[in-house]
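Structure first, then comments.
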Amino acid sequence: MTHSEPTRRTLLSAGVLLAVPTPLLAATPANRKLVFAVLRNGERIGEHRMTFSGDAKSPTISTEVDMTVKLGSVTVYRYRHTAREVWADGQFESLETVTDATAGDRKVSARRTPEGVRIRTGRREVLAPAGTAPLTHWNPKVLGGRLFNPQEGGLLRITATPKGLRSVTLANGRSMEAQVWTLRGEAEIDDWYDRAGVWTGLKGRLQDGSTLEYLRA
């Protein structure tokens with residue numbers, strides 16, 4: 001080998017070998033599940049449940065969300081959402097979601113392909129860039145990349161910024177220090193992650209100006 005020929009080490013140090021995807025998986029909870037009490041303006045309206053199966057590099061995440069907003073005894077808004085999210089070797093593989101809400105029903109299907117991430121809804125199909133992932137909140141390692149809305153299928157125009165450790169309240173009333181990420185743009189959301197990287201809380205502002213909070217059980 002002549003001195004002009006690059007070695008594998010020099011290629012790695014120069015960042016040339018980027019064909020191998022970087023794993024984008026955060027830690028999964030030790031008990032393989034996440035449960036959040038959902039509050040709107042401080043009043044409990046439902047629950048968000050996630051269960052994790054498979055190994056750490058290739059998990060499948062099943063999500064169920066159930067929320068009901070009432071005015072007195074009258075139900076003014078209902079929301080049901082289910083999702084099945086699949087990862088393979090640290091990379092997003094596929095997502096299937098069904099949303100049943102007062103505002104309308106939706107289905108979204110997304111799958112990684114050699115050309116990019118193909119996202120289908122009942123009305124359109126989008127080919128998103130490779131590496132695009134759903135904003136399902138549990139995985140902070142995707143927040144710095146391209147994201148899509150798992151309920152509607154559209155690409156999101158948001159900026160995610162880590163803001164250091166801040167206090168977050170749990171469902172039992174206790175509080176803890178956790179890393180917070182702020183999402184701004186189309187959304188106004190703060191997500192908290194514990195020291196292991198596990199999703200621990202959420203606070204956001206809805207379109208009607210009300211506040212939505214997730215308190216981890």
Side-chain angles (χ1 to χ4, degrees), residues 22-53 56-57 59 61-70 77 79-83 85 87 90 92 95 97 99 101 133-151 156-217:
T22 301
L24 293 174
L25 274 178
T28 56
N31 64 356
R32 312 290 279 169
K33 67 179 180 180
L34 288 171
V35 179
F36 295 89
V38 182
L39 281 66
R40 176 180 178 270
N41 292 338
E43 180 179 347
R44 181 162 179 160
I45 59 170
E47 193 170 79
H48 186 122
R49 300 175 296 276
M50 306 181 91
T51 57
F52 297 76
S53 59
K57 291 184 178 180
I61 303 94
S62 299
T63 299
E64 295 181 3
V65 187
D66 191 342
M67 294 185 284
T68 301
V69 178
K70 292 186 175 184
Y77 183 78
Y79 177 92
R80 307 287 184 272
H81 175 81
T82 60
E85 180 180 349
W87 288 70
F92 169 69
L95 178 76
T97 73
T99 304
L135 179 57
T136 47
H137 298 283
W138 69 271
N139 185 5
K141 288 195 174 183
V142 304
L143 295 180
R146 293 179 180 269
L147 300 167
F148 70 90
N149 187 323
Q151 302 166 77
L156 291 167
R157 295 185 295 273
I158 60 174
T159 299
T161 307
K163 292 292 187 177
L165 294 175
R166 296 182 184 175
S167 180
V168 61
T169 302
L170 305 178
N172 61 10
R174 299 176 62 184
S175 61
M176 64 180 291
E177 293 291 301
Q179 169 73 54
V180 65
W181 281 77
T182 61
L183 311 182
R184 297 294 185 268
E186 289 185 64
E188 184 178 336
I189 298 170
D190 294 342
D191 275 314
W192 279 263
Y193 302 89
D194 66 18
R195 294 183 186 275
V198 176
W199 188 27
T200 303
L202 176 149
K203 187 174 183 179
R205 187 171 299 277
L206 301 177
Q207 291 182 343
D208 63 359
S210 60
T211 298
L212 186 73
E213 292 181 88
Y214 276 33
L215 307 184
R216 182 174 165 186

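FYI, the numbering just counts along the sequence from 1.
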query: Counting distance only, does the side-chain N/O of D191 pair as donor-acceptor with the main-chain N or O of P140 below 3.5 Å?
result: no

message: Strictly distance-based, threshold 3.5 Å: is any side-chain N or O of N139 a donor or acceptor partner for the main-chain N or O of A26?
response: yes

Would you say the side chain of [Y] lies within less than 4.5 Å of the side chain of [X], judging by non-hydrogen atoms?
X: W192; Y: L202; answer: no
X: T68; Y: R80; answer: yes
X: D194; Y: R216; answer: yes
X: M67; Y: V69; answer: no
X: P150; Y: L95; answer: yes
X: L25; Y: K141; answer: no
X: T211; Y: K203; answer: yes

- request: Examine F36 together with W199 and report whether their ring centres are nearer than 6.0 Å.
  value: yes

Atom [atom1] of [X] and atom [atom2] of [Y]: how far apart are they, to the nearest 0.5 Å?
X: L206; Y: L212; atom1: CG; atom2: CG; value: 5.0 Å
X: L143; Y: I158; atom1: CG; atom2: CD1; value: 7.5 Å
X: T136; Y: H81; atom1: OG1; atom2: NE2; value: 8.5 Å
X: R195; Y: L165; atom1: CZ; atom2: CG; value: 5.0 Å
X: I61; Y: F52; atom1: CD1; atom2: CZ; value: 5.5 Å

task: Return the minimal non-hydrogen interatomic distance between P29 and L34, and the atom names on each side.
output: CG-CG, 3.9 Å

- request: Grab the two heavy atoms, one from F148 and one from L156, that are nearest each other, plus how far apart they are.
  value: C-CD1, 3.8 Å

List, one per line, each side-chain donor-acceptor pair under 3.5 Å for residues 169-187, sequence neighbours excluded.
residue	atom	partner	partner atom	Å
N172	OD1	R174	N	2.9
T182	OG1	T161	O	3.4
R184	NH1	I189	O	3.0
R184	NH1	D190	OD1	3.2
R184	NH2	D190	OD1	3.1
E186	OE2	R157	N	2.5

- prompt: More than 12 foreign heavy atoms under 6.0 Å from CZ of R146: is that the case here?
  reply: no

message: Run the side chain to side chain contact (heavy atoms under 4.5 Å, CB included) test against T82 and tell me which residues pass, sequence neighbours left out.
response: E64, V98

- prompt: Sequence neighbours excluded, which residues qualify as side chain to side chain contact (heavy atoms under 4.5 Å, CB included) partners of T51?
  reply: K33, S62

message: Please evaluate residues L39 and Y214 with respect to the criterion side chain to side chain contact (heavy atoms under 4.5 Å, CB included), reporting the C-alpha separation (whole Å), side-chain torsions for both, the decisive distance (0.1 Å), and the verdict.
response: CA-CA 6 Å; L39 281 66; Y214 276 33; over 6 Å; no

message: Using side chain to side chain donor-acceptor pair (under 3.5 Å), reason through Q151 and Y79 one step at a time and then give a plain yes or no.
response: CA-CA 11 Å; Q151 302 166 77; Y79 177 92; 2.4 Å; yes

- request: Among R49, E85, H48, find the one that has a side-chain contact (heavy atoms from CB on, under 4.5 Å) with T63.
  value: H48

task: May I have the step-by-step check of side chain to side chain contact (heavy atoms under 4.5 Å, CB included) for D66 and E47, ending in yes or no?
output: CA-CA 6 Å; D66 191 342; E47 193 170 79; 5.7 Å; no

task: For the pair V142 and L147, evaluate side chain to side chain contact (heavy atoms under 4.5 Å, CB included) and give the outcome as yes or no after the intermediate values.
output: CA-CA 8 Å; V142 304; L147 300 167; 3.7 Å; yes

